[in-house]
Number of protein chains: 2
Amino acid sequence: MTNLDDTVKASKAPAIARAAAVLRLLGKRGSPMGVQSIARELGLVPSTCLYVLRALVAEELVAFDGDTKRYALDAGVLTLARAWLRRDQFNDLAQPALDRLAREFGITTLGVQVFGLDHIIVTAMSQSGQNFQLSTQVGSRFPALVSATGRCIAAFGNYPEGDLRPRFEHLRWDEAPSWENWCAQVEEARETGVAVDAGNYIAGVTVIAAPVWKGTGSPSHALVAIGIGAALRSELPRLKEVLRGAARSLSEQLEG
Amino acid sequence: MTNLDDTVKASKAPAIARAAAVLRLLGKRGSPMGVQSIARELGLVPSTCLYVLRALVAEELVAFDGDTKRYALDAGVLTLARAWLRRDQFNDLAQPALDRLAREFGITTLGVQVFGLDHIIVTAMSQSGQNFQLSTQVGSRFPALVSATGRCIAAFGNYPEGDLRPRFEHLRWDEAPSWENWCAQVEEARETGVAVDAGNYIAGVTVIAAPVWKGTGSPSHALVAIGIGAALRSELPRLKEVLRGAARSLSEQLEG
DNA sequence: GAATGTTATTCTATATATTGAATGACAAAC
DNA sequence: GTTTGTCATTCAATATATAGAATAACATTC
């Protein structure tokens, strides 16, 4: 995130943008960092950075080790996350459906929230008890246009091709589809209401996604099903149908 | 948190204190709130509050609904929490021990982080597969001095009685112990290295806690075991012994 | 053990974030 | 249909958070 400067300048509360950048950096690094290295990394003035850190420490969002003078994320961030999880309407409604699908088909299911063309965040997950299982974690971020979810977002987001193409070019796939193929698959998703990624994103792994709307416009969320290739091949048509149904019913519940 | 003013004034980055207060308020309320009500609740100037909110929205920590003009927590907080969970040393080391204890004794176990005399936060949890089970959630906050953890903190924190007593008086228990009884139990915890709450905090529920140190001074964390009264009565001595052992071994690992 | 490159931290002048009043937009009450 | 209250939002003056140099405390290197 090198455009911190822009964000800071644009805002009337720049300290908050800096604080968020610090939190994200500490989260990404994982290991504790000193004032100077944080400041250097984010292009901040060390003294300013110090004040930001002190404020975050006071809020228990950042932990300070007096011996090593290093800073790291603290448990306060958990409390916020828990509060969010507890009250998010999509999550509450999606979880039972995700559990049901995971169990019935022996797969991993996800609920994700869409942030425009930038990225998606996994907000709910369910796994069947089976032995081998693809897994991710709640809170993970992925590029918006990748895999099955990406085709969904492209299909139902009404974005001009000029916005899509450059982002598409920067994606990382195991087996990247050509732009033409991808567009065809997006078109198919638009018609059927479900998107499929058959081993493109991760070789040998099939990902299915159906869009969920909260209000009108672009889809705000999506339901995702992940299965190891051969395991669900025969069930694929039925899974697509069921996933689409679950997504539609969720959208209806979110309207009210 | 009515001392927001103090925190704001003391800091050189007051916007961060305000932002944190807003996030916590939104977390506590759960339901979306308007600028005005947030400002009123926190004693902020509405215009300032608006700028804070806009900055938080830009960071995806707060979601803004343009139709209703309401603000609520957003999924960004999850990403931070995940990063923290992944890298917290105490959590990584404690989880296997918690799982083992939960399974062996058929109980619920917790790892908590201590924030002085203010509060503790649950950062790890393990539950046995049994039918009836007390449960809480990762991220929950409790007053520092309550239940078994409270006796641990009082026993090993080296706090003067003058700091403890007023806080003790404000606690809520199902069956509050008298100050004298509580002090005796704290003393016992100091001698044995394990604290027990036998139905005081929640009637019929036994809670056991052992302190964990990260460096010297007051305990930074604690391991907690929770069981429905009668179920673990016969096992209690052994559980105390095992919990203390796990806590000690954790403390040693955290030293390095 | 002196010298050099780090580091965290303090200090002060100045650019700017914050304030509180003013505006506009909306809904409820009359 | 007007009035009244509440809402989000803008604006300009000023209190203040920030930047950058200076300091102090380390390691590391020579």
Side-chain angles (χ1 to χ4, degrees), chain A residues 1-23 25-26 29 31-59 61-74 215, chain B residues 1-23 25-26 29 31-59 61-74 215:
Chain A
M1 207 175 275
T2 48
N3 55 358
L4 213 186
D5 288 354
D6 305 348
T7 322
V8 165
K9 289 244 174 72
S11 166
K12 291 246 180 190
I16 294 172
R18 282 189 277 258
V22 167
L23 290 175
L25 176 64
L26 290 174
R29 277 289 177 287
S31 44
M33 301 176 74
V35 177
Q36 203 87 207
S37 39
I38 297 171
R40 216 174 318 110
E41 193 100 6
L42 297 173
L44 295 179
V45 175
S47 61
T48 304
C49 188
L50 180 69
Y51 296 134
V52 169
L53 284 165
R54 288 224 252 252
L56 289 171
V57 168
E59 302 299 336
L61 296 174
V62 164
F64 174 59
D65 183 334
D67 297 334
T68 63
K69 310 255 177 191
R70 293 275 110 122
Y71 298 81
L73 283 190
D74 202 354
Chain B
M1 205 176 274
T2 48
N3 54 0
L4 212 186
D5 288 354
D6 304 349
T7 321
V8 165
K9 287 243 173 73
S11 167
K12 292 244 179 189
I16 295 173
R18 282 189 277 257
V22 166
L23 289 175
L25 176 64
L26 290 175
R29 278 290 178 289
S31 43
M33 300 176 74
V35 177
Q36 203 88 205
S37 39
I38 296 171
R40 216 175 314 110
E41 193 99 7
L42 296 172
L44 294 178
V45 175
S47 59
T48 303
C49 189
L50 179 70
Y51 295 134
V52 168
L53 284 165
R54 288 224 253 249
L56 289 170
V57 168
E59 303 297 335
L61 296 173
V62 164
F64 173 59
D65 183 334
D67 297 335
T68 63
K69 308 255 177 193
R70 291 277 110 125
Y71 299 80
L73 283 190
D74 203 354

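Reminder, nothing fancy here: chain letters follow the sequence lines and each chain counts from 1.
- Using a 4.0 Å heavy-atom criterion, one finds that B:Val45 contacts the bases of the nucleic acid, with or without backbone contacts as well.
- Side-chain nitrogen and oxygen atoms of B:Arg54 include at least one within less than 4.0 Å of the OP1 or OP2 phosphate oxygen of D:dT10.
- For A:Lys69, no side-chain nitrogen or oxygen approaches OP1 or OP2 of D:dC26 to under 4.0 Å.
- Between B:Gln36 and D:dT6 there is no side-chain polar atom (N or O) within less than 4.0 angstrom of OP1 or OP2.
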Could you walk me through whether B:Cys49 and B:Val45 pass the side chain to side chain contact (heavy atoms under 4.5 Å, CB included) test, one step at a time?
CA-CA 6 Å; B:Cys49 189; B:Val45 175; over 6 Å; no
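- Between B:Ile16 and A:Glu59, the shortest heavy-atom distance links the atoms O-CG, 4.5 Å.
- For B:Ile16 and C:dA17, the CD1 to P distance is 13 Å, given to the nearest whole Å.
- Here salt bridge (charged side-chain N to carboxylate O under 4.0 Å, His left out) pairs that include residues 61-74 of chain A, with residues two or more places apart or in two chains, number zero.
- Considering A:Leu26, A:Leu56, A:Val22 in turn, A:Leu26 is the only one that fulfils the side chain to side chain contact (heavy atoms under 4.5 Å, CB included) rule with A:Leu73.
- Distance CD (B:Glu41) to P (D:dC7): 13 Å, rounded to an integer number of Å.
- One can place OH of B:Tyr51 at 17 Å from C1' of D:dA17, the figure rounded to the nearest angstrom.
- Distance from the side chain of B:Val35 is smallest to D:dA8 among D:dA8, D:dT10, C:dT9.
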Side chain to side chain contact (heavy atoms under 4.5 Å, CB included), that's the test. Do A:Leu50 and A:Tyr71 meet it? Break it down for me.
CA-CA 10 Å; A:Leu50 180 69; A:Tyr71 298 81; 3.7 Å; yes
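- Across the protein-nucleic acid pair, A:Ile38 atom CD1 and C:dT7 atom C1' stand 13 Å apart, rounded to whole Å.
- Between B:Arg18 and D:dA17, a side-chain N or O to OP1/OP2 separation shorter than 4.0 Å is absent.
- One can place CG of B:Leu44 at 11 Å from C1' of C:dT18, the figure rounded to the nearest angstrom.
- Here the P atom of nucleotide C:dG20 and the CZ atom of B:Arg40 are 17 Å apart, to the nearest Å.
- Along DNA chain D, the nucleotide nearest to A:Ser47 and the one nearest to B:Arg70 differ in position, and the one closer to the 5' end is contacted by B:Arg70.
- Summarising the geometry, the separation between CG on A:Leu50 and P on D:dT23 is reported as 19 Å, rounded to the nearest angstrom.
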